[in-house]
J.: 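Have a look at this one before I ask anything.
Below, read A as the first sequence line, B as the second, and so on, with proteins coming before strands; counting in each chain starts at 1.
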There are 2 protein chains.
Amino acid sequence: MSFASIPPMVRRSRSVGAEVAAHLERLITSGELRAGDRLPAERDLAASLNVSRASLREAMFELESKKLIERHQGRGSVVAEQPEGVSQLYEGLSELDVEIANATELRDLVEPRIAQLAAVRAADSNLLSLEEVLARSHEELSPEESLALDVEFHTLLAHAAQNPLLVTLCTMTTDWTRRTRELSHRTLEGRRISVSGHRAIFDAVVARRAVPAGAAMERHLREIREVSSRA
Amino acid sequence: MSFASIPPMVRRSRSVGAEVAAHLERLITSGELRAGDRLPAERDLAASLNVSRASLREAMFELESKKLIERHQGRGSVVAEQPEGVSQLYEGLSELDVEIANATELRDLVEPRIAQLAAVRAADSNLLSLEEVLARSHEELSPEESLALDVEFHTLLAHAAQNPLLVTLCTMTTDWTRRTRELSHRTLEGRRISVSGHRAIFDAVVARRAVPAGAAMERHLREIREVSSRA
DNA sequence: TCGGCCCGGTGGTCTGACCAATGAGTACCA
DNA sequence: TGGTACTCATTGGTCAGACCACCGGGCCGA
């Protein structure tokens, strides 16, 4: 097996540990090391690579975090089973998407509750403001106008829930998911769904029916998401 | 800043490095350490955490691979720019003058969902941390210790839900409702209820049963509130 | 045969030393 | 005066060696 020492020359761009990790990763992905193969003991491997055990361990940490190897105290380390292209999969999944997903998750949690509370607590003045926004909403508006009214509706609803924390959360999640919402307001269908969804929520709130209000909000969010995912 | 040493007692489930990494990650995602903050030098940090520099460096590798920190030879390490929102959420909510009732309302909303998501998403390491906290929890503890473990349990659970926004939210609501919680931990009954509630939540999470986990959390919050209202 | 003990191998952790990059303060010269 | 080059403390990077904790297998006695 070729655990040959790494050429000492050209090793100055990356750290020793990273260099070793890359070396071992190449051995694995190229097939020289197969799943289930036992790696030499850390002390031996470090010696054959002419690096300290500390650096070797740094490399091992990296490989382990990439699930390329498994380590077991007292037993040694083995090359892990490779669930088909793990390495690439690991790189993938844009962090941006993850963040949006997190924000969306929070929004899905908060908004229905806002609708419920608004149904219970909304003052007349809240209802008037909401009604006014709805009166200004129709599907012929430009995407920008439609989006602005959308934001306004949700913000006013949050105010109607009479909890400043929910207003803040609503504002922030609305902001973070802006891109998704922009997409959905681009199409006529998206604008139509937005308006009708708001209408349904408002009707439930006015009727002081908390549970239906929450349900209407859930449906609204789901529909909007479907539209924007098609766009 | 609370780089307080990690409780040395029951630390045998995970490696020292992993433990330190989890500790620091909690400080970061919960907002105690903010983006741009400089970390103490490795030697100093290792000393304040009562671990060797080697173990600390293992933790640093892990945090770096998660892009939570950046390290620069000769300059030190800093907390990396946070994934969209977390710091924003933290700042936005910090500025508010929060009424306890509002915070409680938000907590009742967020925590059950956290429990549900944790049941679905918790990694083995999350479960280990939670189990360890439970192992350290019993009703004979002092009110302060009991409260600290309570906070830790909920924070770890939020981490298990794998959404940094929820971690931040959990941290903040926990902080706001601190006085209520202090009351409930003063009595033996309160501590007993706390522990048994956590146990029930944990069991549901381990069993990967989302809905029961959420229900257990709701019950837990309700019981705690009843105890503290009687106090 | 079976159970417990011991022991070698392996990863886990710690210590302390030295190397190398960085940047700020300082002395020097044009 | 201004800029340049140097010095040096600080900090991460690497190394060597020691000891601990865990695992598994072999040995030995019941």
J.: When the distance from CG of B:Leu45 to P of D:dG13 is rounded to whole Å, what number comes out?
T.: 14 Å
J.: What about A:Arg53, does its side chain sit under 3.5 Å from the base of C:dG12 through a donor-acceptor pair?
T.: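 Result: at least one qualifying N/O pair found.
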J.: Could you please name the option among C:dC14, D:dT14, C:dG12 that lies closest to any side-chain atom of A:Glu58?
T.: D:dT14
J.: Using a 4.5 Å cut-off on heavy atoms from C-beta on, say whether the side chain of B:Leu149 contacts that of B:Val195.
T.: no
J.: Do A:Leu169 and B:Leu106 have side chains that get closer than 4.5 Å, going by heavy atoms?
T.: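 Yes, close enough: below the 4.5 Å cut-off.
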J.: Using a cut-off of less than 4.0 Å, is there contact between a side-chain N or O of A:Ser77 and OP1 or OP2 of C:dT10?
T.: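 Indeed not, no polar side-chain atom of A:Ser77 lies that close.
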J.: Check whether any side-chain heavy atom of B:Val78 sits under 4.5 Å from a side-chain heavy atom of B:Asp37, and report yes or no.
T.: no
J.: Between B:Ser55 and C:dC14, is there a contact of a side-chain N or O with OP1 or OP2 at under 4.0 Å?
T.: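 B:Ser55 to C:dC14 OP1/OP2: side-chain N or O found under 4.0 Å.
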J.: Quickly work out the B:Arg71 CZ to D:dT11 C1' distance and round it to whole Å.
T.: 11 Å
J.: Say you draw a straight line from CZ of B:Arg219 to OG of B:Ser196; how long is it, rounded to the nearest 0.5 Å?
T.: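 Nearest 0.5 Å value for the CZ-OG distance: 9.0 Å.
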J.: Have B:Asn126 and B:His159 got a donor and an acceptor in their side chains that come within less than 3.5 Å?
T.: no
J.: Among C:dT13, D:dG13, C:dC14, which is the nearest nucleotide to the side chain of A:Arg57?
T.: C:dT13
J.: Please state how far atom CD in A:Glu42 lies from atom C1' in D:dA18, giving the value in whole angstrom units.
T.: 15 Å
J.: Residues in side chain to side chain contact (heavy atoms under 4.5 Å, CB included) with A:Glu111, at least two apart?
T.: A:Arg107, A:Ile114, A:His154, A:Cys170, A:Thr174, A:Met217, A:Leu221
J.: Polar pairs (N or O, both sides) under 3.5 Å between protein and nucleotides 5-9 of chain C?
T.:
from  : atom 1 : to      : atom 2 : distance (Å)
C:dG9 : N2     : A:Gly74 : O      : 3.2

J.: What's the closest nucleotide to the A:Ser52 side chain, out of D:dT11, C:dG12, D:dT14?
T.: D:dT14
